[in-house]
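What follows is a set of notes on a single structure, which appears directly below.
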Amino acid sequence: MKRRAWPLIGILAFGYAFLYVPILLLILYSFNESRLVTVWSGFSFKWYGALLHNHQLLDAAWLSIRIAATNATVAMVMGTLAANALVRHGRFRGRTGFELLLTAPLVMPDVIIGLSLLLLFVAMQQLIGWPTGRGFTTITIAHVTFSMAYVAVVVRSRLGQMDASLEEAAMDLGARPLGVYMRITLPLIAPALLSGWLLAFTLSLDDLVIASFVSGPGATTLPMVVYSSVRMGVSPQINALATLIVAVVALAVVIAGISLGRKPGR
Amino acid sequence: MSQSTRHHPKGRRRLSRLVNIGVPYFWLGLFFLLPFMIVLQISVAETALAQPPYTALWEWVADGLLQIQINLQNFMLIWEDDIYLAAFLNSLWVALICTLLCLLLGYPMAYAIATAAQRRRMLLLMLIVLPFWTSFLIRVYAWIGILNSNGLLNSFLLWLGIIDAPLQILHTQTAVYIGVVYSYLPFMILPLYANLTRLDPALLEAASDLGCRPLRAFFKVTLPLSKPGIIAGSMLVFIPVVGEFVIPDLLGGPSSLMVGKLLWTEFFSNQDWPLASALAIVLLAVLVVPFVLMQRLQQNMDEAAS
């Protein structure tokens, strides 16, 4: 068995290298003095300095973070409701349609979601005068529509694995269903809610295509700024931005790892 | 307390039903289903110099006379003009090749992780998911610096002496393959891993006890049983890749035309909303078959689990 495993470990190592070498190179070259990728002209923080003075990019980042946080919160609620429906309400009428609508956004190409939502917003504006413009609200609605499905997947599996006896005990002791849900169920599925929230936040922060369709003048998100500067070619400021994002993600993972590790019984 | 809840369990359950099912259903109906109807409507409209830039589907011409105008020219154009057909075929081809490449690389990886020691598994899996949390756009951008004609890969190969002149990789179909496999590999590995860890090890032991060699046991037992994982992972890669925009736009070139990019161009550069809508409708029709297949599989798995 041991000897047979070697080719497998080789493929695994290749796979991880394939996934990580591009990111590591980005980080490395964010500290390069030169603009060129091929020339290493010395260690420098100058691209980080340039990044901090790039107001267009910073404004876009702030808008993106606000959209991502709003989206994550709404998507968390919607996704949890949908997961409740699927796990707790069994075979309700229209369940197949419900599941279809919920899974379709997971694989639907972004261009289709973006185009169709834009056309909806335009039609709604003509008919009822809302939304009046396109920007924060329309982007957030679009993001909730596709990210609630991801939350539903995460929460659904947690709800399905949950031990029902605690809820039953609370019911037997006379607690109301809503009280049971708030005080027993929600704390038990809290880790899933948190990972769903973070997932929705990341998906929103990452989206270029859908936001480009449903955004209007004056509302430029971070991916749009990154996209327009990347189209011009390699830009060391984007490397610096990538490094910062990786640093934040790595920090979050370390914190999550420590807090999970500290939990008793794990 | 207890009495009061027992008095109206039906009413409460109905309210819970209404909120849990009704609210997400309403949202998805309004913001996901209804938009497709509008796309369908606008795909049969005509481009117009107006705001928004298309003609209305129906019009009250006179008292009691409703005129409905359906324009099928967009669909005829897609059918007749080679560029659209070529883009669709190329999108399907790229999605197919990349799904196979993801499977070829992802299956052994998922298998290695699933059979690794318990304490290492979580870390290995974490390392697969981690790149997903950093920006997709920036990860695709990283490949520009690598694949460029004066980029890192070419410099490295030149330095090794393997090539004499830089290879043109960026802005070719090869670059699209690399970018897609790189971005979508985790979507292949995760369902495969979930499937492989659920396999009963007793089956392999039984095969081994009966004198089956490990490699043969893999092809006779493990591989057939991991079919649901293979199909799920393949669909998660195939369906979105057919409509992918960012990767063909940043890494591809004129030879690697894909329908997602074409739709984007028709919409943003040419301001042809009806044609973009017609492309979306055709793309949707193309994706319905693999999507229904995926949905069917998901339901079978849910039923098997419960």
Side-chain angles (χ1 to χ4, degrees), chain A residues 1 4 8-9 11-12 15-16 18-20 22-23 25-26 29 37-38 78 81-82 84-85 88-89 92 94 98 100-105 107 109-112 115-117 119-120 122-123 141 145 148 174 176-177 202 205-206 208-209 223 226-227 230 233-234 238 241-242 245-246 249 253, chain B residues 1-2 5 12 16-17 19-21 23-25 27-28 31-36 38-39 42 52 105 108-109 112 127 131 133-139 141-146 150-152 155 182 185 214 235-236 239-240 242-243 245-246 250 260 263-264 267 276-277 280 283-284 291 295:
Chain A
M1 246 346 237
R4 263 179 217 291
L8 214 53
I9 291 173
I11 293 179
L12 198 61
Y16 282 114
F18 179 59
L19 286 178
Y20 281 93
I23 299 174
L25 288 173
L26 272 188
Y29 279 92
V37 196
T38 36
M78 293 301 237
L81 291 178
N84 285 340
R88 297 291 168 86
H89 290 287
F92 55 86
F98 188 81
L100 206 73
L101 277 181
L102 198 62
T103 18
V107 288
D110 292 347
V111 283
I112 296 185
L115 176 71
S116 64
L117 272 167
L119 297 180
L120 173 81
V122 170
I141 290 174
T145 306
M148 65 188 269
R176 286 152 186 267
T202 317
L205 206 57
D206 214 17
L208 164 75
V209 175
V226 171
Y227 174 70
V230 159
V234 173
I238 302 299
L241 180 70
I245 292 177
V246 171
V249 170
V253 168
Chain B
M1 244 333 243
S2 165
T5 55
R12 282 181 198 287
S16 149
R17 229 170 222 276
V19 173
N20 284 327
I21 302 173
V23 175
Y25 225 145
W27 182 289
L28 289 168
F31 294 120
F32 190 73
L33 197 60
L34 183 63
F36 289 134
I38 301 177
V39 174
I42 290 171
L105 182 57
M109 286 180 78
L127 284 173
W133 293 87
T134 63
S135 168
F136 164 71
L137 188 58
I138 289 179
R139 280 183 295 131
Y141 153 75
W143 284 97
I144 298 179
I146 297 173
N150 55 8
L152 289 161
S155 314
Y182 173 70
L185 189 59
M235 290 305 148
L236 283 181
I239 300 174
V242 174
F245 164 74
V246 174
L250 290 181
L263 194 158
W264 176 285
F267 183 84
S277 301
L283 179 55
L284 211 57
F291 179 72
Q295 193 69 18

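Per chain, numbering begins at 1; letters A, B, ... match sequence-line order.
- Inter-residue side-chain proximity for B:N20 and A:R88 is flagged as unmet; no heavy-atom pair is nearer than 4.5 Å.
- Summarising the geometry of A:I23 relative to B:P131, their closest heavy-atom pair is CD1-CB, 4.1 Å, with the distance given to 0.1 Å.
- The part of B:F245 that comes within reach of chain A is its side chain, from C-beta onward, which places non-hydrogen atoms under 4.5 angstrom from that chain.
- Side-chain contact between A:Y29 and B:L152 is present, with at least one heavy-atom pair separated by less than 4.5 Å.
- B:I21 touches chain A through backbone and side chain together, each having a heavy atom under 4.5 Å away.
- When side chains are defined from C-beta on, A:P22 counts as touching B:I146, because their heavy atoms get closer than 4.5 Å.
- Using cut-offs of 30° and 60° on the angle between ring planes, the pair B:W143 and A:F18 is tilted.
- For the pair B:L28 and A:M148, the minimum side-chain heavy-atom distance is below 4.5 Å.
- Only the side chain of A:L26 has a heavy atom closer than 4.5 Å to any heavy atom of chain B.
- Under the 4.5 Å side-chain criterion, counting only non-hydrogen atoms from C-beta, B:S277 is in contact with A:L115.
- Interface residue A:V209: backbone and side-chain heavy atoms are both found under 4.5 Å from chain B.
- Both the backbone and the side chain of B:L127 come within less than 4.5 Å of a heavy atom in chain A.
- In this structure, the portions of A:L100 lying under 4.5 Å from any heavy atom of chain B include both its backbone and its side chain.
- Under the 4.5 Å side-chain criterion, counting only non-hydrogen atoms from C-beta, B:P24 is in contact with A:F98.
- The shortest side-chain heavy-atom distance between B:L137 and A:Y227 falls under the 4.5 Å cut-off.
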